[in-house]
Amino acid sequence: MAVEVGMGPEVGGAGAGGLDEAVRALREWQHEGAPVQLHPGDVGWFLRLGDGAAAEAVRVWRRGGETVAVGLLDGPALLRLALALDARRDEDVARRLTADLTDPGRGVLPEGTVYVEAPRGALVRETLADAGWEDDEPWTPLHRDLAAPVPGPGVRIEVTGPDDARVRSAVQRAAFANSAFTEDAWHAMAAAPTYADARCLVAYDERGDTVAAVTVWSAGPGRPGLLEPLGVHRDHRGRGHGRAVTLAAAAALRELGSSSAVVCTPSSNTAAVATYASAGFRRLPELRDLRRDAAPHPAAAPRPAG
């Protein structure tokens, strides 16, 4: 979906051209010191569902022909939002986003309980609160500077290629109970242009068993890179493999030219927060999703699994 600030929305998906535009904008908006927000790697991971699904899930807001905001409908009821630096405190943009996100008739979010992830400090967080949206689940962003070399992981790490898609997808399903990630989904993701700046890594223990996996996404040299997703095989937890594959992920992003590595996890997942911290990631202030409840009986709508 593409909309012009100050004009009526065009109902529908972004389309191939809109998807490319959105990814370019997201790359440009990743800067050190900027609030953690939707990353091009988030769209890259979503592309495991196919080009058509990704194009339909992306929303683009423009003003004067310039992209000012990009949203990804990451599941039926969650919109993850990023804004251009000069649009984060813009009143016109905030008012337009609030109207589009609050009114199901605008075609951005459906009726019922819905959620928005918006960057810290963006004016839209305040205008949504004024419109009745409430704070929801807290998330913890974490950041690791990549100026210095990253210590070795201490386990064998293999980069996934086309012949290894079955292994990578199997580890994903073993790490996330509700994951539907398949070999075909890996190939769909890897065929997309976004994967040119990405790597899938699989960790092996001393017995040669696959124990963990991660996908990393660069936004280009000198910009923060993203870990999305990272998981440890359910049969191999509690043995330090999460820290090992996190270090491997940071090293891979450094090789790709990323200035830092970022990841975000539910604050309630204290084990994940501790794992990232043990691999040299610094906790940033918590960020809460915003929620618009359905009346009269709100229903929970958690984020989708890997």
Side-chain angles (χ1 to χ4, degrees), residues 36 39 41-42 44-45 48 74 137-146 148-160 164-181 185-186 189 198-218 224-256 258 260-287 302-306:
V36 175
H39 191 277
D42 292 307
W45 173 241
R48 73 195 187 280
D74 198 359
E137 179 182 9
W139 290 73
T140 297
L142 298 105
H143 174 278
R144 181 190 166 103
D145 183 83
L146 296 178
V150 178
V155 298
R156 178 163 64 95
I157 300 291
E158 297 288 347
V159 178
T160 302
D164 309 309
R166 179 185 59 81
V167 174
R168 171 66 183 89
S169 60
V171 179
Q172 184 75 16
R173 295 192 302 273
F176 296 94
N178 298 321
S179 176
F181 192 50
W186 186 90
M189 176 184 72
R199 300 286 186 274
C200 277
L201 310 176
V202 174
Y204 294 79
D205 66 11
E206 65 279 1
R207 298 173 53 186
D209 292 332
T210 55
V211 295
V214 64
T215 304
V216 298
W217 305 88
S218 168
L226 176 72
L227 283 65
E228 173 62 22
L230 183 150
V232 178
H233 194 295
R234 58 177 168 264
D235 296 335
H236 297 277
R237 291 174 180 159
R239 305 173 192 175
H241 299 313
R243 178 180 183 274
V245 78
T246 300
L247 287 170
L253 284 172
R254 189 171 188 270
E255 291 177 3
L256 289 167
S258 298
S260 65
V262 296
V263 66
C264 197
T265 192
S267 298
S268 59
N269 191 346
T270 56
V273 173
T275 293
Y276 294 125
S278 73
F281 281 70
R282 177 174 57 90
R283 303 180 195 188
L284 302 178
E286 284 185 334
L287 181 66
R303 297 187 185 215

Would you give the length of the straight line joining atom OG of S218 to atom NE2 of H39, rounded to the nearest 0.5 angstrom?
7.0 Å

d(D164 CG, S169 OG) to nearest 0.5 Å is 10.5 Å

Under 3.5 Å: donor-acceptor pair, side chain of [X], backbone of [Y]:
{"X": "R254", "Y": "L146", "result": "yes"}
{"X": "W217", "Y": "E228", "result": "yes"}
{"X": "R237", "Y": "V232", "result": "yes"}
{"X": "R282", "Y": "H143", "result": "no"}
{"X": "R144", "Y": "V263", "result": "no"}

Side chain to side chain contact (heavy atoms under 4.5 Å, CB included) partners for [X], two or more places apart:
{"X": "T246", "value": "L227, L230, T275, Y276, A279, F281"}
{"X": "A248", "value": "P153, I157, L201"}
{"X": "S268", "value": "E137, P266"}

Using side-chain contact (heavy atoms from CB on, under 4.5 Å), reason through V36 and L284 one step at a time and then give a plain yes or no.
CA-CA 9 Å; V36 175; L284 302 178; 3.9 Å; yes

Suppose the criterion is salt bridge (charged side-chain N to carboxylate O under 4.0 Å, His left out): which pairs have a residue in residues 165-181, not counting sequence neighbours?
none

Grab the two heavy atoms, one from [X] and one from [Y], that are nearest each other, plus how far apart they are.
{"X": "Q172", "Y": "S179", "result": "CG-OG, 3.6 Å"}
{"X": "A165", "Y": "T160", "result": "N-CG2, 4.1 Å"}
{"X": "P151", "Y": "L247", "result": "O-CB, 4.0 Å"}
{"X": "L253", "Y": "G225", "result": "CD1-C, 3.8 Å"}
{"X": "A249", "Y": "V214", "result": "CB-CG1, 3.9 Å"}
{"X": "R243", "Y": "S278", "result": "NE-O, 3.0 Å"}

How far apart are the C-alpha atoms of L256 and R199, what are their side-chain angles, what is the distance that settles it, and do they pass the side-chain contact (heavy atoms from CB on, under 4.5 Å) test?
CA-CA 9 Å; L256 289 167; R199 300 286 186 274; 3.5 Å; yes

For T265 and V273, run side-chain contact (heavy atoms from CB on, under 4.5 Å): C-alpha distance rounded to whole Å, both residues' side-chain angles, the deciding distance at 0.1 Å, then the answer.
CA-CA 7 Å; T265 192; V273 173; 3.5 Å; yes

Among V211, V167, D209, the one residue meeting side-chain contact (heavy atoms from CB on, under 4.5 Å) with Y204:
V167

Partners of H233 by side chain to side chain donor-acceptor pair (under 3.5 Å), sequence neighbours excluded?
none

Could you tell me which residues satisfy side chain to side chain donor-acceptor pair (under 3.5 Å) with R239, sequence neighbours excluded, listed by chain and number?
H236

Between D42 and D74, is the side-chain contact (heavy atoms from CB on, under 4.5 Å) condition met? List the steps.
CA-CA 9 Å; D42 292 307; D74 198 359; 6.0 Å; no

Are M189 and W45 side-chain neighbours, meaning at least one heavy-atom pair lies under 4.5 Å?
yes

